[in-house]
2 protein chains.
Amino acid sequence: MAVFDSTTNQRTACPVTRVQQMVAGKWKIILLWHLTHGTHRFHELQQLTGISKGTLTRQLRELEADGLIQRHVFGEVPPRVEYSLTDAGHSFLPILDQMAAWSEQHFQGE
Amino acid sequence: MAVFDSTTNQRTACPVTRVQQMVAGKWKIILLWHLTHGTHRFHELQQLTGISKGTLTRQLRELEADGLIQRHVFGEVPPRVEYSLTDAGHSFLPILDQMAAWSEQHFQGE
DNA sequence: CCGGATCCCAGCAGATACTG
DNA sequence: CAGTATCTGCTGGGATCCGG
């Protein structure tokens with residue numbers, strides 16, 4: 001893959017690719033979107049999206065690993081875990097906005 | 001925008017989802033990126049990206065179906081097919097730019 | 001030789017049951 | 001409540017063949 005970057009190359013498609021991969025999960029973007037409205041608990045996100053627990057956990061962990069969201073664990077019973085955007089996550093929002101705007105224009109009339 | 005549909009797990013959280021789906025393919029974004037530099041032939045895109053033929057065909061067809069690129073077939077031998085961005089495709093570029101910019105910031109220091 | 005169709009397999013998402 | 005473990009099915013990318 002990596003577009004040949006031998007000697008001559010234009011800066012390759014790469015930076016964008018990273019983002020693509022970060023956001024590649026089926027639910028990543030929706031989760032980010034929901035978190036723009038503020039902190040959410042695990043169960044809330046599950047309700048909002050309808051994702052199964054296993055998948056939700058996986059997606060959240062990946063977003064966390066990519067540094068887009070934070071996971072606050074309140075180490076008590078009953079368990080309570082809240083998810084929120086990191087600074088990096090917030091800095092990503094304009095992209096979501098732009099995507100939303102583009103989408104509405106592109107799909108207007110459907 | 002209907003946020004969720006309680007009965008089924010169908011959520012249409014936002015227009016962003018549409019974009020996510022449009023761009024979900026592993027190579028979609030890279031292909032768009034390459035096409036920003038101008039029209040390209042099938043084989044050129046293959047060289048640039050290293051994608052296998054089958055996959056390349058599929059991704060290009062999907063982009064075409066989504067109205068982002070155009071496919072010009074020169075019905076002769078040897079075969080010649082050129083791909084270029086549509087207007088919609090061009091209107092999508094700012095998003096790519098923003099993603100690239102964000103990416104470089106986010107990953108700086110690696 | 002160029003572009004595409006077909007088949008095959010990895011990887012990811014969904015469902016369910018279990019744990020602290 | 002918020003996970004983890006596991007099994008299964010499907011999507012979709014890669015390698016291989018096909019038509020001109």
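Below, read A as the first sequence line, B as the second, and so on, with proteins coming before strands; counting in each chain starts at 1. Predicted model, so just to flag it, every value in this text is computed and none were measured.
When the P atom of C/dG3 is taken as reference, atom CD of B/Glu64 falls 15 Å away, rounded to whole Å. Counting to the nearest Å, the C1' atom of C/dC12 and the CD atom of A/Glu62 are 9 Å from each other. Note: CG (B/Leu60) to C1' (C/dC2) measures 14 Å, nearest angstrom. With rounding to whole Å, B/His72 atom NE2 is found 18 Å from C/dC2 atom C1'. Atom C1' of nucleotide C/dG3 and atom NE2 of B/His40 are separated by 17 Å, given to the nearest angstrom. Between the NZ atom of B/Lys26 and the P atom of C/dG11 there is a distance of 10 Å, given to the nearest Å. Protein atom CD1 of B/Ile51 is 15 Å distant from nucleotide atom C1' of C/dG4, rounded to whole Å.
Residues B/Trp27 and B/Thr55 have side chains that never bring a donor and an acceptor to within less than 3.5 angstrom of each other.
Taking 4.0 angstrom as the limit, A/Lys53 places none of its side-chain polar atoms (N or O) nearer than this to OP1 or OP2 of C/dG14. Contact annotation: A/Arg58 does not reach the phosphate of C/dG11 (side-chain N/O to OP1 or OP2, under 4.0 Å).
Note on residues 64-79 of chain A: pairs passing side-chain hydrogen bond (donor to acceptor under 3.5 Å, both in side chains), not counting sequence neighbours, are A/Arg71-A/Tyr83.
Screening B/Gln46, B/Arg41, B/His40, B/Gln47 for a side chain to side chain donor-acceptor pair (under 3.5 Å) involving B/Glu44 leaves a single residue, B/His40.
Backbone-only contact: A/Arg80 has heavy atoms under 4.0 Å from sugar-phosphate atoms and none from a base. Looking at heavy-atom distances under 4.0 Å, A/Tyr83 makes contact with sugar-phosphate atoms alone, never a base. At the heavy-atom level, B/Gln46 lies nowhere under 4.0 Å from the strands shown.
Residue-to-nucleotide proximity on DNA chain C shows that, of A/Gly54 and B/Glu82, the 5′-proximal contact is made by B/Glu82. Nearest-nucleotide positions on DNA chain C for A/Gly25 and B/His43 put B/His43 closer to the 5' end.
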Exercise for review: Apply side chain to side chain contact (heavy atoms under 4.5 Å, CB included) to B/Ile51 and B/Gln59, showing your working.
Suggested key: CA-CA 10 Å; B/Ile51 313 177; B/Gln59 302 276 313; 5.5 Å; no
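A 4.0 Å heavy-atom criterion places the boundary nucleotides of DNA chain D facing chain A at D/dC1 to D/dT4, written 5' to 3'.
A donor-acceptor contact shorter than 3.5 Å links the side chain of B/Ser103 to the backbone of A/Pro15.
The distance from atom CD of B/Glu82 to atom OG1 of B/Thr39, rounded to the nearest 0.5 Å, is 6.0 Å. Remark: B/Glu62 CD to B/Gln21 CD distance equals 11.5 Å, nearest 0.5 Å.
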